[in-house]
Number of protein chains: 2
Amino acid sequence: MLGGGGETVSNPKETGSRPEKGAAGSSRSRAKSAVAAQTAAAGRRPEPAAPKPKTARGEATRRAILSAAERVIGEQGFNEASIGSITREAGVAQGTFYIYFASKDDVFSELVADMGRMLRHAISEATAGIADRLDAERAGLHAFLTFVAAHPELYRIVQEAQFVDHKAYLAYFRTFAEGYREGLALAAENGDIRPGDADIRAWALMGIARSLGEYSVVFGSAASIDEMVDTAHEMIVHGLAAVSDRGDGHA
Amino acid sequence: MLGGGGETVSNPKETGSRPEKGAAGSSRSRAKSAVAAQTAAAGRRPEPAAPKPKTARGEATRRAILSAAERVIGEQGFNEASIGSITREAGVAQGTFYIYFASKDDVFSELVADMGRMLRHAISEATAGIADRLDAERAGLHAFLTFVAAHPELYRIVQEAQFVDHKAYLAYFRTFAEGYREGLALAAENGDIRPGDADIRAWALMGIARSLGEYSVVFGSAASIDEMVDTAHEMIVHGLAAVSDRGDGHA
DNA sequence: TCAAAACATGAATAGTGATTCATAATTCAT
DNA sequence: ATGAATTATGAATCACTATTCATGTTTTGA
């Protein structure tokens, strides 16, 4: 759950269904040159793996590009954003991009992974030390909405990942769902909440959080984070709480 | 709410926030030829408006293309799907496409609008005549998940609309949210459910439905629709029901 | 101080696919 | 029937941009 026990980092195995592109989930590529063709034909190593920078200077440049990519892609969307616009924003030459990233898809994946880490960190930070499950849930929801509001690009990027890097998208949500599920299962065992299918509940709760995030970030709702948290949490408490302990979640 | 009162068709005014592309929400276009440039410069009429077919024959062809587009775009995604692959699937020549649609973006918008209509229809069909709000809610959720399972492309297409036709995306969800909101507000007035912010609740409930839809369609969950409906509805009932009428939603 | 290693550059390459267009083939109204 | 509409065709255009590459420039280490 959003207010679960620390950064659960599962490595869920493929169970998905959808298309899954041709190869490594990567999308198009203008140039299907020799190498690319081979790669695609062979066991395909997703990418020649962008060699990590060896200098502080390189490290800085890489970061500048990544950060520029976050802004540009977050604003214009993956397909609209060109390498040119990214490198321009970063203040480097176009070719420099390929020193640090293997492809356009590559930065994108990096971005998705990064955001996932940041978000999980923000949430586990906010819920650390909160014993009561439902209280933690509340804090987690609050942290989530706060983070999303602070990083509006997050929303677009993660959503778009479904089309650009399906694999990363699945991994992203599976990881969150898994954390949620564990928290719910545990809470149910403890009798803190009514018994019920933890998986389905996890997805339902995740949906609430995502939807409210979208409501505020994408649809520009005027509702404050606190209002959303209050209202949603009231629903969640009643929706989950053990029968003996209702009201606002405390006996 | 999913089990609301008939097909609410609001015409929500722009309140959004995000980028909103250059012009009519339309995305790129390889050819910025004379016309396009003018169009973009001038007051820009979104599209020369694809002239509706005048013959049964034309009507059939148009439908064939639209249907092919649904399949192809739903499977490959907007950017991967080429006009060529769509017309091939439809069994017509490439040029034929432009007899019925002004652009690639155009079919897409049409698709999004269509699906919205179908979905709303399916839901209002399923909930027609159900008096009890919460019962209707349940039926609506069931109809939604059933529809989504039957049209897996729906999910991808609607999601992708956020990047291809942001305006249509906003309209789509605003319409649903509005219907939900009204249902909730009404139910609250009647004392069927506890009072609470109807807007926020609407988005929260919408999130549950969307998330479960994604769980089954995108993530290939093994959970049956009934399991999902049961679990989610139990949460929703407790999450919303008036204090006097709890349990499974009936006094 | 100097060669090697790391970085940086930006022009050139090259694949792609949306859109157009000059020509047919069909169908319709009279 | 038969000219006008309507619909169909598919090759050609052509803008667009990811990626490469031949050259510089800077930094590092000894």
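Below, all heavy atoms of this structure are taken into account, side chains as well, without hydrogens, waters or symmetry copies.
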Closest to the side chain of B/Lys54, out of C/dA6, D/dT6, D/dA18, is D/dT6
Does B/Ala60 reach a base, just sugar-phosphate, or nothing at all? Heavy atoms under 4.0 Å.
nothing
A/Ala93 side chain, from C-beta outward: closest of D/dT9, D/dT7, C/dG10
C/dG10
Mind checking whether A/Tyr169 and A/Phe173 have parallel, tilted or perpendicular rings, split at 30° and 60°?
perpendicular
Classify the nucleic acid contact of B/Tyr100 as base, sugar-phosphate or nothing, counting any heavy atom under 4.0 Å across all strands shown.
sugar-phosphate
Between C1' on C/dA18 and CD on B/Gln94, what's the gap in Å once rounded to a whole number?
8 Å
Those residues at least two apart in sequence (or on a different chain) that pass side-chain hydrogen bond (donor to acceptor under 3.5 Å, both in side chains) with B/Glu89 are B/Arg71
Using atom CG of B/Asp105 as one end and atom P of C/dT19 as the other, report the distance to the nearest whole Å.
7 Å
Could B/Glu214 and A/Arg210 be called an ion pair, given the rule that one side-chain N must be under 4.0 Å from one carboxylate O?
yes
Any side-chain heavy-atom pair from B/Trp203 and A/Met228 closer than 4.5 angstrom?
no
Spacing between B/Arg88 atom CZ and D/dT9 atom C1', to the nearest angstrom:
15 Å
Taking CZ from B/Phe97 and C1' from C/dA18, how many angstroms apart are they, rounded to a whole number?
9 Å
Which residues share a side-chain contact (heavy atoms from CB on, under 4.5 Å) with A/Gln94, sequence neighbours left out:
A/Ile83, A/Thr87
Nearest-angstrom distance from the residue atom CG of A/Asn79 to P of C/dT16
16 Å
Whole Å only: how far is the CD1 atom of A/Ile83 from the P atom of D/dA18?
5 Å
Could you tell me whether the phosphate oxygens of C/dT9, OP1 or OP2, come under 4.0 Å of any side-chain nitrogen or oxygen in A/Thr96?
yes
B/Lys104 side chain: which of D/dT9, C/dA18, C/dT9 is closest?
C/dA18
Would you mind reading off the distance between A/Ile99 atom CD1 and D/dT26 atom C1', rounded to a whole angstrom?
12 Å
In whole angstrom, what separates B/Phe101's CZ from C/dG17's P?
21 Å
Across nucleotides 21-30 of chain C, 5' to 3', mark each nucleotide with B, S or - according to how protein heavy atoms within less than 4.0 Å reach it.
-----SSS--
Decide yes or no for A/Glu70 and A/Met115: does some side-chain heavy atom of the first lie under 4.5 Å from some side-chain heavy atom of the second?
yes
Kindly assign one of parallel, tilted or perpendicular to the pair A/Phe78 and A/Phe108, based on the angle between their ring planes and the thresholds 30° and 60°.
perpendicular
